[in-house]
Amino acid sequence: MFKKILIAEDHESSSISVQKTLEDLNISYADYAYYCDDALAKVKKSIRENNLYDLLITDLSFDEDHHKQDIKDGKELILKIRELIPDLKVIVFSGEHKSGIIDSLFNEYQINGFVRKARNDSKELKKAIASVHINENYLSLDLKQEVKKLNNYEFTSFDITLVSLLSQGVLQKNIPTYLQNNNIKPNSLSSVEKRLNSLKENLNVASNEQLVAFCKDLGII
């Protein structure tokens with residue numbers, strides 16, 4: 001089992017939950033950091049002392065207070081730490097619910113496990129730690145289904161560009177001008193209309209406004 005763990009979490013109640021989980025797994029050595037900057041400092045110290053962490057458990061969002069912080073969130077923290085310890089295992093323990101964001105954590109940030117803060121999250125965290133320890137990525141079954149549903153929609157970068165422009169208030173008829181100015185193809189009005197209509201039909205929404213809302217809920221824009 002993991003011997004040295006770093007927990008980055010700014011809510012005391014969640015830290016207590018993690019602490020109990022580690023005790024149940026007989027993991028005795030854990031450092032806690034309430035700020036991302038402090039977490040990074042602990043990692044740098046562990047490198048200097050040649051006593052590296054085996055696992056990082058981090059939240060995504062950290063409340064701002066009077067302590068000025070350079071690192072604002074868990075995503076940035078993961079990137080900073082991975083620059084120093086590329087092979088460090090990472091589990092995100094967060095209240096995040098958007099499947100698009102969860103999917104990007106695995107694909108873009110190469111995390112090893114995700115546990116949503118909720119009822120029975122201690123059980124899920126135990127499963128995640130055990131799975132990650134044997135080099136298996138962990139995502140609970142219900143979240144796997146949500147991410148699979150997201151991936152079944154097969155959003156392309158072109159789709160995301162169109163919906164993002166709509167969310168910014170760009171009128172559908174003006175989108176071709178933006179596409180042409182940025183050398184994005186296809187860029188005709190008919191191609192834009194055809195793709196947006198296809199998206200709405202596939203996602204069973206009736207308007208561009210509903211399409212934007214749906215994509216925001218997924219976390220892809």
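For Asp103 (side chain) and Ser99 (main-chain N/O), no donor-acceptor pair under 3.5 Å exists by modelled atom type. In this structure, the side chain of Gln210 engages the main chain of Ala206 through a donor-acceptor pair within 3.5 Å. With hydrogens and angles disregarded, a donor-acceptor distance shorter than 3.5 Å links the side chain of Arg82 to the backbone of Leu88. Side-chain atoms of Asn112 come within 3.5 Å of backbone N or O of Val90 as a donor-acceptor pair. The backbone N or O of Lys98 sits less than 3.5 Å from a side-chain atom of Glu96, completing a donor-acceptor pair. In terms of modelled atom types and a separation under 3.5 Å, the side chain of Ser191 and the main chain of Ser188 share a donor-acceptor contact. A distance-only check finds a donor-acceptor pair linking the side chain of Asp73 to the backbone of Lys75 [under 3.5 Å].
Nearest heavy-atom pair across Leu77 and Ala8 is CD2-CB, 3.8 Å. Scanning both residues, Ile221 and Ser167, for their nearest heavy atoms gives CD1-CB, 4.0 Å. In this structure, Leu6 and Ala39 approach most closely via the heavy-atom pair CD2-O, 3.6 Å. Across Phe106 and Tyr138, no two heavy atoms sit closer than the pair CZ-O, 3.5 Å. Considering every non-hydrogen atom in both Lys4 and Ser46, the closest pair reads NZ-CB, 3.9 Å. When all heavy atoms of Ala130 and Met1 are compared, the pair lying nearest together is CA-CE, 4.4 Å.
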Asp24 vs Lys126, salt bridge (Lys or Arg N to Asp or Glu O under 4.0 Å): CA-CA, chis, key distance, verdict:
CA-CA 8 Å; Asp24 290 344; Lys126 286 180 189 177; 3.0 Å; yes
Any chance you could lay out the side-chain contact (heavy atoms from CB on, under 4.5 Å) test for Ser207 and Leu211, step after step, and finish with the verdict?
CA-CA 6 Å; Ser207 66; Leu211 176 62; over 6 Å; no
One pair to check against side-chain contact (heavy atoms from CB on, under 4.5 Å): Ile102 and Arg116. What are the steps and the verdict?
CA-CA 10 Å; Ile102 296 171; Arg116 181 185 289 168; 4.2 Å; yes
One pair to check against side-chain contact (heavy atoms from CB on, under 4.5 Å): Phe114 and Ile91. What are the steps and the verdict?
CA-CA 6 Å; Phe114 181 92; Ile91 294 175; over 6 Å; no
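Interatomic distance, Leu199 CG to Thr156 OG1, rounded to the nearest 0.5 Å: 7.5 Å. Atom CD of residue Gln145 and atom CG of residue Leu139 lie 10.0 Å apart, to the nearest 0.5 angstrom. To the nearest 0.5 Å, the span separating CD on Gln110 from CG on Asp87 amounts to 12.0 Å. Within the model, atoms CG of Leu40 and CG of Asp70 stand 9.5 Å from one another, a figure rounded to the nearest 0.5 Å.
Contact of the Leu125 side chain with the Val18 side chain is registered, since non-hydrogen atoms from C-beta on lie closer than 4.5 Å. With a 4.5 Å cut-off on side-chain heavy atoms, Leu166 and Leu171 do not count as touching. In this structure the side chain of Asn137 never reaches within 4.5 angstrom of the side chain of Ile111, judged on heavy atoms. Taking the side chain as every heavy atom from C-beta outward, Val43 and Lys80 never approach each other to under 4.5 Å. Annotation: side chain of Asp59 is not in contact with side chain of Phe93 (no heavy-atom distance under 4.5 Å). Using a 4.5 Å heavy-atom threshold, the side chains of Phe2 and Ile129 count as touching. Residues Phe158 and Leu179 are in side-chain contact: their nearest non-hydrogen atoms beyond the backbone lie under 4.5 Å apart. Side-chain contact between Asp31 and Tyr53 is present, with at least one heavy-atom pair separated by less than 4.5 Å.
Residue pairs meeting the salt bridge (Lys or Arg N to Asp or Glu O under 4.0 Å) criterion with at least one member in residues 184-205, sequence neighbours excluded, are Asp159-Arg195.
Remark: the Asn187 side chain and the Tyr178 side chain contain no N/O donor-acceptor pair separated by less than 3.5 Å. Side-chain contact check for Thr161 and Ser164: no donor-acceptor pair (N or O, by modelled atom type) lies under 3.5 Å.
Cation-pi check for Lys72 over Phe62 is not met; the charged atom does not lie both under 6.0 angstrom from the ring centroid and within 45 degrees of its normal.
Note on Lys117 versus Glu9: salt bridge recorded, some NZ/NE/NH1/NH2 to OD/OE distance being below 4.0 Å. A salt bridge does not link Asp54 with Lys89: every distance from a Lys NZ or Arg NE/NH1/NH2 to an Asp or Glu carboxylate oxygen is 4.0 Å or more.
The hydrophobic cluster containing Ile101 does not contain Val147, counting ILVMFWY residues as joined when their side-chain heavy atoms lie under 4.5 angstrom apart, directly or transitively. The hydrophobic clustering, which links ILVMFWY residues whose side-chain heavy atoms are closer than 4.5 Å, places Phe155 and Leu165 together. Both Leu162 and Val205 are assigned to one and the same hydrophobic cluster, defined by single-linkage of ILVMFWY side chains at heavy-atom distances under 4.5 Å. Grouping the Ile, Leu, Val, Met, Phe, Trp and Tyr side chains by contacts below 4.5 angstrom, directly or via other members, places Leu55 with Tyr32. The cluster map of Ile, Leu, Val, Met, Phe, Trp and Tyr, joined by side-chain heavy atoms under 4.5 Å apart, puts Phe214 and Ile220 in the same cluster.
Checked options Ile57, Ile78, Leu56; the residue passing with Val92 is Ile78 (criterion: side chain to side chain contact (heavy atoms under 4.5 Å, CB included)).
Heavy-atom neighbours of Asn204 CG from other residues, nucleotides or ligands within 6.0 Å: at or below the threshold of 12. For Lys42, the NZ atom is densely surrounded, since the number of other residues' heavy atoms within 6.0 Å is greater than 12.
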